[in-house]
There are 2 protein chains.
Amino acid sequence: MIWLDAGTPALLGLDWGSSSLRAWLMDARGIILHVHYARQGILNLPDGGFAQVLSDILTQLRLEYPLPMLACGMVGSINGWLEVPYLPCPAAMSQLANGLGLQSTAYGPLHIVPGLVKDGPLPDVMRGEETQIVGMMGTDGAGHRTVVLPGTHSKWAQVEEQAITDFRTFMTGELYAVLMQHSILGRLPATMPPDAGQRDEAFVMGVRTALSGVPLAGRLFSARAAVLRNRLERACAADYLSGLLIGEEIQVGMTAMDITPQAAPVLVGEQALCQRYQLAFTALGHHAPPVAGNTAPAGLFRLAQAAHLLDLPPTHFHDQKGAVA
Amino acid sequence: MIWLDAGTPALLGLDWGSSSLRAWLMDARGIILHVHYARQGILNLPDGGFAQVLSDILTQLRLEYPLPMLACGMVGSINGWLEVPYLPCPAAMSQLANGLGLQSTAYGPLHIVPGLVKDGPLPDVMRGEETQIVGMMGTDGAGHRTVVLPGTHSKWAQVEEQAITDFRTFMTGELYAVLMQHSILGRLPATMPPDAGQRDEAFVMGVRTALSGVPLAGRLFSARAAVLRNRLERACAADYLSGLLIGEEIQVGMTAMDITPQAAPVLVGEQALCQRYQLAFTALGHHAPPVAGNTAPAGLFRLAQAAHLLDLPPTHFHDQKGAVA
């Protein structure tokens, strides 16, 4: 008989995005037993599609019995495995847990977290970040918080108690990538590789121009002009551009989200990127926000708890094992 | 003997940019006798380079004698035929005329107009637009004007009497192109082609969000979210994005350039694009600026006059013809 003890798998959580997926095998207390990473996002599926990927993961994990499975991210989008309708924001954690979609698989049901939508004059959507935010709520005592999730489509979200009350998307990461790869700003070949200090300096120089009060559109070209005028090392132009974009995001975010000292931001996401954001916050005269790391597994665990996915008796798994064996 | 009468070629003017060139054969009064267009910008030169292109043009024009030649644009950049140093802004027309570079060719000297640079915390540069602005000065009675040159790198310039006193670049056209071609915003396939009215409506909807006071970075993603939420026809997403970018440019330009009613803007450039800008100005509650069309040939002619390139006696050309015949 298999008990849901520490060390015994109790939940398979997946963050299944556009270009990659992460899966976490967790025990009944949410402790991560195993991490699986694959470049098998919904846009890079192998032959056999979603079902094949799930089968590969379960085979690699050598799980011989059905397990509660919960996924978040683009797997629930119109191009995903099952389209799970967006929930309107504000949304409490309990509403997210009640809005799970249900895709049947050869290994039992796969539950999928819905995204959030904000309608109005500037519509906005998120898929996946709602789960990271729920994960952050669990590690954070504050009732009212701003959560900043840097990335391709950075999200700024307001959290109140156990609900997401507002959010806004900044295309910072994607703008940086397309401008570096495809615009004149990327055509500034490096002379010699700069050291980390020079790169940070160029980054901060970019961030600080956000203080000039002139929005991005009127500043972007300065990344080229500054190089032409020898005010910026060619090899540091990328860092300056990154600073321009992140500085703008923080300036706009801090103003638009009406952030009070009680609601000081917390950063959620990849370590190196969060550190760049910390540098930018301080360059703009703010406190450096704490970094919560990747809170997706914690969010999946909390949503699985709230949706009672972990409430099945241990024997259920045992029985199922018997059934498939 | 060849007289510099109406109808007699007196100047070859060239606007030689990155991707294409335009050449105008003008008489002694600046009247255009012939227009030549080629996709032989400084980045698309044939074997034989700059000299070959110039030779082809002169051969096509069947000019059998040397002629004053004046070029503006990227031909004077570091990757051009001859690097002509930027002049600092503010710059009077007479300073531009005195700062011409001189490249010797098989057909006599090619004069090249210098670009302008603005140093300071946000450096900026232009090459080619200074000539268009000089051309606009000649057609415009007002002493103090804002000239808006829409394009890949839109320029907003302040003109006072016969001088360019300030300017600023907006990467509007390039941002639109890279976002449509390479970002998630371009991945919104059209269902059916919209009519012009629908497209204008989506464009104005984009422009109007500039009035919300939230800068571009916090609005760009709405182009995607609005389609996902069925608030915007997929096929009109490009027009909405164009509206977002042009609306931002105009909002920022009008504020940053501190435009007084006396200095109401005038549009210089391609007709269809200028008309879109007119629509955007009115959607933002401004007067529609007049359109001056392409003023590059007029600018080249005025600079040639100011640099005394047209002052050579007619017999000079006759003699030269005799010399080369």
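The shown structure was predicted, so the numbers you read here are calculated from the model rather than taken from an experiment. In what follows, chains carry the letters A, B, and so on, assigned in the order in which the sequence lines appear, proteins first and then strands, with residues in each chain numbered from 1.
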Under 4.5 Å from a heavy atom of chain B, the part of A/Leu175 involved: side chain
Using modelled atom types and a 3.5 Å cut-off, is there a donor and acceptor pairing between side-chain atoms of [X] and backbone atoms of [Y]?
X        : Y        : result
A/Gln275 : A/Leu273 : no
A/Asp239 : A/Ala202 : no
A/Ser77  : A/Gly73  : no
A/Arg127 : A/Gly76  : yes
A/Gln132 : A/Leu149 : no

With only heavy atoms counted, which part of [X] is less than 4.5 Å from chain A, the side chain, the backbone, both or neither?
X        : answer
B/Val125 : both
B/His182 : both
B/Thr209 : side chain

Top contributor to chain A interface from [options] [non-hydrogen pairs under 4.5 Å]:
options                               : answer
B/Gly253, B/Ala177, B/Gly120          : B/Gly120
B/Asp119, B/Ile78, B/Thr152, B/Val252 : B/Asp119
B/Pro121, B/Pro123, B/Ala225          : B/Pro123
B/Gly218, B/Ser222, B/Ser154          : B/Gly218

Verify the ring-centre separation between A/His153 and B/Phe221: is it less than 6.0 angstrom? yes
Just say parallel, tilted or perpendicular for the rings of B/Trp16 and B/Phe50, cut-offs at 30° and 60°. perpendicular
For chain A, which residues from residues 240-251 of chain B have at least one heavy atom closer than 4.5 Å to it? B/Tyr240, B/Glu248
Could you tell me whether B/Asp166 and B/Lys118 have a side-chain N and a carboxylate O separated by less than 4.0 Å? yes
Could you check whether A/Asp200 pairs with A/Arg276 (Lys NZ or Arg NE/NH1/NH2 to Asp/Glu carboxylate O, under 4.0 Å)? yes
Could you tell me which residues satisfy side-chain hydrogen bond (donor to acceptor under 3.5 Å, both in side chains) with A/Thr146, sequence neighbours excluded, listed by chain and number? A/Gln158
